[in-house]
Structures are given as structure tokens and as C-alpha cells.
Amino acid sequence: LLLTGCSALTGEEIGRLKINKISTGAGNIFEDKVTLELKEGDEINFWSDMDLEFEGALNIRFRVLISKNENKISEFKIDPTVKNITIGEVKTTLMNKTKWSFTGKNSEFKIKEDATYTIKAILISDKNPSLKVSKAELVLKK
């Protein structure tokens with residue numbers, strides 16, 4: 001019997017942004033952040049860990065801001081539903097109501113120099129009153 005940890009296949013978790021709510025604008029921002037000491041050549045892999053319920057279409061994004069020594073170096077959006085690796089996905093749609101949970105790798109970011117990096121993120125979505133977010137976490141792996 002051979003047992004290997006998930007981290008051997010997916011990378012080591014170095015941070016987790018537990019956002020878990022949709023930010024809708026001024027006064028309603030749900031942000032999480034992590035500060036990491038990273039080295040030149042490190043590749044940060046962004047994974048989404050999601051558990052959602054909704055009716056109709058879903059348009060959801062993590063908005064990510066990366067700063068180095070408190071200076072913004074990159075800002076981008078990640079669609080958690082666009083994954084190149086998926087683990088434990090369960091999706092059920094019945095009468096236009098969808099329940100969907102998954103963990104998936106979404107994108108990478110290459111570190112260009114040794115420094116202290118802060119990674120912040122919020123979750124945004126088109127207005128969909130039926131959307132219920134039980135879990136929306138951005139997982140950083142190396």
C-alpha cells in the first residue's frame with residue numbers, strides 16, 4: 001500500500017485567503033491577505049477552494065493584488081471556475097439550481113526577486129441574488 005500526500009502532487013500550501021463572501025462595493029469589502037518571504041524563481045500557484053449554490057449563470061472572480069515591499073507589482077482577476085487541475089469536484093444542477101464544490105488550480109505567478117510579498121484578494125460577482133457562498137478561499141501553493 002502506497003500513500004502519498006496531496007502536497008506531493010499539488011505543491012505545498014504556503015498561504016490561504018479565507019474570503020468566503022462577495023464584496024459588493026464601498027463599505028462592503030471582504031478582503032484577506034497574507035505576507036510571505038519569497039525567493040527569485042519561486043512559482044506561486046493559485047488554487048480556489050469553493051462551495052457555492054446559485055440559480056442561472058455564474059460570473060465570479062477573485063481580484064488579486066500582489067505587492068512587493070509595499071509597492072504594487074501586479075493586479076489581476078482569477079475565475080475560480082476555470083481550472084487546469086481539479087480535485088474533489090461535485091456539481092449538481094436540478095431545475096436551474098446548481099450546487100458546486102471543488103478545489104482547482106487556476107494560475108501561477110513567477111517571483112522575480114527575493115523580497116517580502118503581500119498578496120491580497122477579494123471575491124466579486126455579477127449581481128445574482130440566488131448566489132450563496134459557503135466557502136471561497138484562494139490557496140497559495142509552492
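Source: prediction; values computed, not measured. Nothing fancy with the numbering, it's 1 onward along the sequence.
Side chains of E31 and L65 form no contact here, defined as non-hydrogen atoms less than 4.5 Å apart. For the pair T86/T103, no side-chain contact is recorded, criterion being any heavy-atom separation below 4.5 Å from C-beta on. Side-chain contact between E12 and K141: absent, with no pair of heavy atoms (C-beta onward) separated by less than 4.5 Å. Side-chain atoms of T98 and L58, non-hydrogen and from C-beta on, never get closer than 4.5 Å to each other. Looking at heavy atoms from C-beta onward, L131 lies in side-chain contact with I22 at the 4.5 angstrom threshold. A heavy-atom distance below 4.5 Å is not found between the side chains of N128 and D126. Residues W100 and T81 form a side-chain contact, since some pair of their non-hydrogen atoms from C-beta on lies under 4.5 Å apart.
The cationic atom of K91 (NZ for Lys, CZ for Arg) does not lie both less than 6.0 Å from the six-membered ring centre of F102 and within 45° of the ring axis.
Here the CD1-CD1 distance, from I119 to I66, works out to 5.0 Å after rounding to the nearest 0.5 Å. Taking CG of D114 as the reference point, atom NZ of K39 lies at 4.5 Å (rounded to 0.5 Å). The distance from the CG atom of N45 to the NZ atom of K105 is 4.0 Å, given to the nearest 0.5 Å. To the nearest 0.5 Å, atoms NZ (K68) and CD1 (I73) are separated by 5.5 Å. In this structure, the separation between CG on L52 and OG on S101 is 8.5 Å, given to the nearest 0.5 Å. Atom NZ of K132 is separated from atom NZ of K99 by 8.5 Å, given to the nearest 0.5 angstrom.
A distance-only check finds a donor-acceptor pair linking the side chain of S23 to the backbone of F30 [under 3.5 Å]. Looking at S130, its side chain does come within 3.5 Å of a backbone N or O of E55 through a donor-acceptor pair. Under the 3.5 Å distance criterion, the side-chain polar atoms of N106 are matched with a main-chain donor or acceptor of S48. Between the N59 side chain and the S125 main chain, no donor and acceptor come within less than 3.5 Å of each other. No donor-acceptor pair under 3.5 Å is formed between the side chain of D42 and the backbone N or O of K110.
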**Message:** Between S67 and T118, is the side chain to side chain donor-acceptor pair (under 3.5 Å) condition met? List the steps.
**Reply:** CA-CA 5 Å; S67 301; T118 300; 6.0 Å; no
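Between K142 and I44, the shortest heavy-atom distance links the atoms CD-CD1, 4.4 Å. The nearest pair of heavy atoms linking L38 to I14 is CD2-CD1, 4.3 Å. For I60 against M50, the heavy-atom pair with the smallest separation is CD1-CE, 4.4 Å. The two atoms that bring A115 and N69 nearest to each other are CB-ND2, 3.9 Å, heavy atoms only. Nearest heavy atom pair, residue F76 against residue S74, reads CD2-OG, 3.4 Å. What you find for L17 and A121 is that their closest heavy atoms are CD1-CB, 3.7 Å.
A salt bridge is defined here as a Lys NZ or Arg NE, NH1 or NH2 lying under 4.0 Å from an Asp or Glu carboxylate O, and E89 with K83 meets this definition. A salt bridge between K97 and E53 is present, with a side-chain N of the basic residue lying under 4.0 Å from a carboxylate O of the acidic one.
For F109, there are no ring pair (Phe, Tyr, Trp, His ring centres under 6.0 Å) partners two or more places apart in sequence or in a different chain. Legend: residues meeting side chain to side chain contact (heavy atoms under 4.5 Å, CB included) with R16, ordered by chain and number and at least two apart, are E13, K18, D49, E137, V139.
Hydrophobic clustering (ILVMFWY, side-chain heavy atoms < 4.5 Å, transitive): W47 and V34 are in distinct clusters. When hydrophobic clusters are built by joining Ile, Leu, Val, Met, Phe, Trp and Tyr residues whose side-chain heavy atoms come closer than 4.5 Å, directly or via intermediates, F54 is not grouped with I124.
Results of the side-chain contact (heavy atoms from CB on, under 4.5 Å) test with F62 over I122, D79, L123 single out L123 as the only residue that passes.
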